[in-house]
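Down below is the structure, laid out as structure tokens.
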Amino acid sequence: AFSASTTGRIAFHSGDPQAPVPVELRDRKGMLLRSLGAPGNYRAPTFSPDGRWIATSGYPGAGVSNIDLWLLDTRSAAALRFTLEPTEDVEGTWSPDGKTLFYGSNANGPHDIYRKSVDGAGKAELVHASPGLQKPTSASRDGRTLILDSEVDERVSILLFDLATRQARSLREGPFNDAHGVLSPDGRWLAFDSDETGRPEVYVTPFPGPGRTWPLSTDGGRYPEWRG
């Protein structure tokens, strides 16, 4: 798993999935710049809009522990535990101003969407609750729309969630799985993966639409990321 910053640095999770490994900063040539925090079990590292912080879910050390969101400082390499509740908190997604993190939490059963101020002020706010598992994947540049993965009855669809009206609409309808939607840096395109052909491939479509969906991969692909 990785995330690219606007400065060309890449946050990279290395090692075996179950082994305690560090979150690493690497340049575009793959050269190690520094390791952040203590080795542990982490996933889905994402840069803040200014490139200062990395949000990731997991826990430091080996074994099994509570899955929380952590903030890693790219300057000092310090690690700060962001969520403190005895819940599973995953998929940290930054607001465009970098002041808020959206994430999925199972505080009331399957994962719903919460948001919390990065400065730690106030409690987490429930943003969207719906049957099934809900996880944020991206936020629009104007801060109005949150992109969600919504898994219901073992099928995953991408929802465009209006933060003002609290209404959600599906990106597409069909007997396939769409997931991991991520907006381009200019906010004009949404990349995602889908198994509509029988195997996962990466696609791109205009945002907020409507428009044609274009395939980007031809030999399998998942978890798209835009160059920063």
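Reckoned from all heavy atoms, side chains included, excluding hydrogens, waters and symmetry mates.
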Test item: side-chain donor near acceptor, [X] and [Y], under 3.5 Å:
| X | Y | answer |
| --- | --- | --- |
| S95 | R115 | no |
| S157 | D178 | no |
| T87 | N106 | no |

According to a 4.5 Å side-chain heavy-atom criterion applied to Ile, Leu, Val, Met, Phe, Trp and Tyr, with indirect links allowed, do [X] and [Y] form part of one hydrophobic cluster?
| X | Y | value |
| --- | --- | --- |
| L148 | L163 | yes |
| L25 | L72 | yes |
| L146 | L126 | no |

Residues [X] and [Y] bridged, charged N to O under 4.0 Å:
| X | Y | answer |
| --- | --- | --- |
| K135 | D149 | no |
| R222 | E201 | no |
| R52 | D73 | yes |
| D195 | R155 | no |
| E125 | K123 | no |

Could you work out, with ring-ring contact (aromatic ring centres under 6.0 Å, His included) as the rule, every residue matching F82, not counting sequence neighbours?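 Partners of F82 by the ring-ring contact (aromatic ring centres under 6.0 Å, His included) criterion come out as none, since no residue qualifies.
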
Interatomic distance, [X] atom [atom1] to [Y] atom [atom2] [nearest 0.5 angstrom]:
| X | Y | atom1 | atom2 | value |
| --- | --- | --- | --- | --- |
| D119 | T100 | CG | OG1 | 8.5 Å |
| F47 | W53 | CZ | CH2 | 13.0 Å |
| E91 | S105 | CD | OG | 12.5 Å |
| S184 | L190 | OG | CG | 8.5 Å |
| F207 | D186 | CZ | CG | 11.5 Å |

Smallest separation among heavy atoms of D193 and P224, with atom names: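 Minimum heavy-atom separation between D193 and P224: OD2-CD, 3.9 Å.
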
Can you find a pair of side-chain heavy atoms, one from T205 and one from F192, that are under 4.5 Å apart?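 Yes, their side chains come closer than 4.5 Å.
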
Is there side-chain contact between I158 and I147, with at least one heavy-atom pair below 4.5 Å?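 Side chain of I158 against side chain of I147, heavy atoms only: contact under 4.5 Å found.
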
Give me each pair satisfying ring-ring contact (aromatic ring centres under 6.0 Å, His included) with a member in residues 102-156, each pair once, sequence neighbours excluded.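 Only H128-F161 qualify under ring-ring contact (aromatic ring centres under 6.0 Å, His included).
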
Is there a side chain to side chain contact (heavy atoms under 4.5 Å, CB included) between T213 and R172 once you walk through the steps? CA-CA 10 Å; T213 296; R172 305 194 303 169; 4.1 Å; yes

Applying side chain to side chain contact (heavy atoms under 4.5 Å, CB included), run through I67 and Y59 and close with a yes or a no. CA-CA 6 Å; I67 296 176; Y59 50 87; 4.2 Å; yes

